[in-house]
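To find a chain, count down the sequence lines: A is the first, B the second, and so on, and within it residues start at 1.
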2 protein chains.
Amino acid sequence: MAITIKDVAKLSNVAPSTVSRVIANSPRISEKTKIKVRAAMDELGYHPNFIARSLANQSTRVIGLVLPNSTDVFFQNPFFPTVLRGLSDGANERQYALQISTGKTDEEIYEGVIQMVQGGRVDGVILLYSRIEDKVLNYLRDRKFPFVVIGKPFKDVELITYVDNDNYLASKEATNYLLSLGHKQIGFIGGDLNFVVTIERILGFEKALREAGIQSEDDYIIHSEFLREGGQEAIGKLINLKNPPTALVVADDLMALGVLNTLLEMNISVPEDISILSFNNVLFSELSQPPLTSVDINIFELGYQASKKLIQLLENPNEPVKRIIVPHQLVKRFSCSETK
Amino acid sequence: MAITIKDVAKLSNVAPSTVSRVIANSPRISEKTKIKVRAAMDELGYHPNFIARSLANQSTRVIGLVLPNSTDVFFQNPFFPTVLRGLSDGANERQYALQISTGKTDEEIYEGVIQMVQGGRVDGVILLYSRIEDKVLNYLRDRKFPFVVIGKPFKDVELITYVDNDNYLASKEATNYLLSLGHKQIGFIGGDLNFVVTIERILGFEKALREAGIQSEDDYIIHSEFLREGGQEAIGKLINLKNPPTALVVADDLMALGVLNTLLEMNISVPEDISILSFNNVLFSELSQPPLTSVDINIFELGYQASKKLIQLLENPNEPVKRIIVPHQLVKRFSCSETK
DNA sequence: TTGTACGCGTTATCAT
DNA sequence: ATGATAACGCGTACAA
């Protein structure tokens, strides 16, 4: 059995409650006894028991993280380690711990969240993704359990606190950049349409084309999980159109890598034959051949702001619902060039 | 306040202790009351409180994960999401939760672990890396706190339970493969020498050369964090040797990507001019140009076995110390070819 | 300024 | 087969 508050109390000749107050650094305790008690704590090597504290407090100082389906390719995205860094920094600053929950099926994930929440394991939850119809989100909202979403919620946008980029604008700007290079036939390769981010990016893309007076063609838009089979064929179709696009907006760096590879196998050069612009700017986007021009969405900051905001929500009972928009920035490398 | 065991007791006209027994599915409770009590639990939507249970049990059913320094490039390695999947699967199977701890400095990480352990937040710990001198490992060992290491411990190998590949053998085999292709001048590019895995791989490499009767040259061995500045120069030096290597063993796929890139900028073709073989076989090793020949180390399994083993350690007081070796396999793609 | 006593939600021991 | 009661370690209202 470990050292408890009682042991410290005995050694320093005070009541347990006094020790408790010293831990909380209550102003109602004299400096003298504080010193005395702290000496005893040091001598015994006392460490407060979080579990007991949680029970007494009705608060755990633990944040639950909900990751997407671990069997998704998406799960392997370097996005996660990076956002985790941000989350961790934000949490550590205020002495919160992080508990993660994921699963092989949506049902497993949902069950995991229920365990965390109903079991009282966590004070609040951060969703690391945003999907169109999300059982987990609905559950948390209905229960009025504190949570923050990374990404834009699909509905009830005004009722949910979230941290996101302006993906619509980012995609519009990215597309405009390609337009400014003279491209008129621009394709879009997106991921799973169940993720809100995909939708936002495609809308921004289409908006830019419309503003430029260009009719967007359905043939130019592809959705698929690129790192799986099928991605290559899709690209093949696109390239074999009578009027193939001269540039592609790709919704994610990892997908862009796949596209790059497929194009290379087809002997199509980037950016000479076709330009590629993608999103996220993860570590290896500069390690591809050619290095990718990519929209940096500041992944670390997404995580950092999310945990910071959730903690505010937890500690301030009437903290208002709020959205936090993290800035993005186009990083130009060598995968885009002017049309000939 | 949530529904407690007492509410259920009242509704079903039994004592709280009876409800507790029903939850534990004690054989000493009649089927009749079990049914009655379960009905009451359903009606009220009761969920057991993990915190209270932990306090009473002196056991949390939470596993602490210690990640490496989050500012390391290493942290961004797709290794982590993958190993996390395995850890998570193993933990979920036995209803354990996962808590993560990381930090920006070694000191921060160490403090985090102390919080987890002394604070009673976790029952056991898994180290997701293995370094030469590790404060955290020493701390856990000295305290006799249950833990498992992913990777081979640097010392006290017989006293520590760990899950690892046979990296020595893997590296030896990999090098032999290059030798079998006719290469005689083979270089090694490793990462941080503080990681035991780096050491094992370099030793296996050297052993293979020795067995082939080839003198290993110091000039052929490079250590650096490749994705940082400096990596390029190091490669440059290697290539500009009078007798440059015709093949390279690279300790990690991510590094290999960097190497590939540098070589391309120097107009050196892989595998025509130089062969490259790397380790880990993460998702994008097949997305590089050319796709990497890489040693698959079964990252998922490393994680899965680690959490499984730790749980055994926790639930079985005299579970023996053991090492678990996960098999590896050379995956041949297109970054290695015969010497001309 | 400090001590006493109770509660947080469970499990476990000891009765019955 | 079930109930009463005491822990588990800490926080806090109330008393002193």
Is there a side-chain polar atom (N or O) of [X] under 4.0 Å from OP1 or OP2 of [N]?
| X | N | answer |
| --- | --- | --- |
| Ser20(A) | dG11(D) | yes |
| Thr33(A) | dT2(C) | yes |
| Arg53(B) | dT11(C) | yes |
| Gln58(A) | dG7(C) | no |
| Thr18(A) | dG3(C) | yes |

Exercise. Looking only at heavy atoms, which two atoms of Phe50(A) and Gln115(B) are closest? And how far apart?
Worked result: CZ-OE1, 3.2 Å
For this session: Please report the closest heavy-atom contact between Lys152(A) and Ser130(A), naming both atoms and the distance.
Result: O-OG, 2.6 Å
Exercise. Hey, what bend do you get for the helix from dT1(C)-dA16(D) to dT16(C)-dA1(D) if you fit axes on five pairs at each end, rounded to 10°?
Worked result: 40°
For this session: Please state whether the base of dT11(C) and the side chain of Arg21(B) form at least one donor-acceptor pair under 3.5 Å?
Result: no
Exercise. Could one point to a donor on the side chain of Ser17(A) or the base of dT4(C) with an acceptor on the other under 3.5 Å away?
Worked result: yes
Answer with base, sugar-phosphate or nothing: what part of the nucleic acid does [X] contact at a heavy-atom distance below 4.0 Å?
| X | answer |
| --- | --- |
| Phe50(B) | nothing |
| Asn13(B) | sugar-phosphate |
| Pro16(A) | nothing |

For this session: Return yes when atom NZ of Lys10(B) has more than 12 non-hydrogen atoms of other residues, nucleotides or ligands closer than 6.0 Å, and no otherwise.
Result: no
Exercise. If you draw a 6.0 Å radius around CZ in Arg38(A), do more than 12 non-hydrogen atoms from other residues or ligands fall strictly inside?
Worked result: yes
Exercise. Any luck finding a side-chain donor-acceptor pair between Glu301(B) and Asn298(B) under 3.5 Å?
Worked result: no
Problem set entry | Rounded distance (nearest 0.5 Å) linking atom CD1 of Ile109(A) with atom OG1 of Thr102(A) | 4.5 Å
Seminar exercise, completed: Comparing nearest nucleotides in DNA chain D, the 5'-proximal residue of the pair Lys34(B), Leu55(B) is Lys34(B)
